[in-house]
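Scroll down for the structure; my scribbles are underneath it.
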Protein chains: 2
Amino acid sequence: MKLITRNTDYALRAICYIAQQDKVVAVTELVKVLGVPRPFLRKILQRLSQKRILESYKGQAGGFRLKGQPQKIFIIEVMRVFQGEIALNGCFLNKHVCPNKGKCILRKKIKLIEDDVFTQLKRINIASLI
Amino acid sequence: MKLITRNTDYALRAICYIAQQDKVVAVTELVKVLGVPRPFLRKILQRLSQKRILESYKGQAGGFRLKGQPQKIFIIEVMRVFQGEIALNGCFLNKHVCPNKGKCILRKKIKLIEDDVFTQLKRINIASLI
DNA sequence: GACAAATGATACTAATATGGTATCATTCAT
DNA sequence: ATGAATGATACCATATTAGTATCATTTGTC
Ligand code: FES
Ligand code: FES
């Protein structure tokens, strides 16, 4: 049960570093600082710029920069990029969705916990991590 | 990000059913009711009786029964049986534990959420699911 | 006691998700 | 022109979860 996977983790660290630089940061620099395998980090950063969390600059002297302000980037967005829609559970009965889902007490209780986790995750922005 | 895996889910449903019967319940009956693949369910039930959540009876007319009272079985125990120690995250840098762990703000925040999830999970017992 | 109906133990396989590589195309400052 | 950067995409590796298969042991019933 991991709330945050490795790529989200790497992403967050990269974002935090970039947020603190006042320039366009290239992968080479991030690799040195974070110690993450270069091709993997590249993939992660590409994804972040596709999702408009980072801005990318191609060509020589290119690299990445935050697209918005650190206060306005919340970690749940980053999680969603790498972990998809965050849903803590789903009841299955041999591949089919459980017919009992509406009534199920367990599901309701888990849902409450889930909502709680969301609320808390939604509050954490990049600025607060620096 | 799943809070509850499939085997935990099956386990909980089996426990709930057994809790409502006033007799020793055999796998055959549970398979009918829950629609879970028999060998898989058997493995799950065996594990639950190893961990003293169920009591098993061998031989003809054998099966499973709750070991304790439904009020005293909490879902977090069942989760631990199948999902091990519940820890929402851990920072890694290429297989090594992150040297920054102590200071890391993200980790601290996640830890708070984690603790919260625990507290809530610890409150849910089987009786409350029936 | 034989037998059938149940669980115990254990090893194996399959599917999925995550983590990570490799390669080539495109852009752009110099 | 060129080389240093990202874009796109396909591929491989590892770990976790889900599920099967097989044989041994126990026990109630006839
Ligand atoms: S949603 Fe299926 S039993 Fe709870
Ligand atoms: S624990 Fe390693 S950077 Fe947060």
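What you are looking at is a predicted structure, and each value in this text was computed from that prediction instead of being measured. Here is the naming used below: chain letters follow the sequence lines, and residue numbers restart at 1 for every chain.
Rounded to whole angstrom, the span from the CG atom of B:Asn7 across to the P atom of C:dA14 amounts to 20 Å. In this structure, A:Lys67 atom NZ and D:dT6 atom P are separated by 16 Å, rounded to whole Å. In this structure, A:Arg6 atom CZ and D:dA13 atom C1' are separated by 13 Å, rounded to whole Å. Spacing between atom CD of A:Glu29 and atom P of D:dA5 amounts to 11 Å, rounded to whole angstrom units. The separation between B:Ile44 atom CD1 and D:dG19 atom C1' is 9 Å, rounded to whole Å. Residue B:Leu48 contributes atom CG, which lies 14 Å from atom C1' of C:dT7 at whole-angstrom precision. One interatomic measurement links the two molecules: CG of A:Leu41 to C1' of D:dG7, which rounds to 15 Å at whole-angstrom precision. Between the C1' atom of D:dA5 and the NZ atom of A:Lys23 lies a distance of 14 Å, rounded to the nearest Å.
For the residue pair B:Tyr17/B:Arg13, the side-chain donor-acceptor check at 3.5 Å is not satisfied. Between the side chains of B:Ser49 and B:Glu55, no donor N or O sits under 3.5 Å from an acceptor N or O.
A sub-4.0 Å separation between OP1 or OP2 of D:dA8 and a side-chain N or O of A:Gln50 is present. Checking the phosphate oxygens (OP1, OP2) of D:dT6, no side-chain nitrogen or oxygen of A:Ser49 falls inside 4.0 Å. Using a 4.0 Å cut-off, no side-chain N or O of A:Tyr10 falls inside it from OP1 or OP2 of C:dG19. Contact between the side-chain N/O atoms of B:Ser56 and the OP1/OP2 oxygens of C:dG8 is found at a separation under 4.0 Å. For the pair B:Gln46 and C:dT10, the criterion of a side-chain N or O lying under 4.0 Å from OP1 or OP2 is not met.
Take the nearest nucleotide of DNA chain C for A:Arg38 and for A:Phe82: the residue whose nucleotide is more 5' is A:Phe82. Comparing A:Lys43 and A:Phe64 by the nucleotide of DNA chain D whose heavy atom lies nearest to each, the residue mapping closer to the 5' end is A:Phe64.
With respect to the salt-bridge test (charged N to carboxylate O, under 4.0 angstrom), the residues A:Asp22 and A:Arg65 do not qualify. With salt bridges taken as basic N to acidic carboxylate O contacts below 4.0 Å, none links B:Glu114 and B:Lys109. Salt bridge A:Arg107/B:Asp9: present, at least one basic N to carboxylate O contact under 4.0 Å.
In this structure, of C:dG20, C:dA6, D:dA5, it is C:dA6 that holds the atom nearest to the side chain of B:Ala26. When the nucleotides C:dT18, D:dT17, C:dG20 are ranked by their closest atom to the side chain of A:Thr5, C:dT18 comes out on top.
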With salt bridge (charged side-chain N to carboxylate O under 4.0 Å, His left out) as the test, would you mind laying out the steps for A:Glu77 and A:Lys122 before giving the verdict? CA-CA 8 Å; A:Glu77 297 169 48; A:Lys122 276 181 195 146; over 6 Å; no

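We find the CG-CZ distance between A:Asn7 and A:Arg47 to be 7.0 Å, quoted to the nearest 0.5 Å.
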A correct 5'-to-3' footprint of nucleotides 24-30 of chain D, with B, S and - meaning base, sugar-phosphate only and no protein heavy atom under 4.0 Å, is -BBBBS-

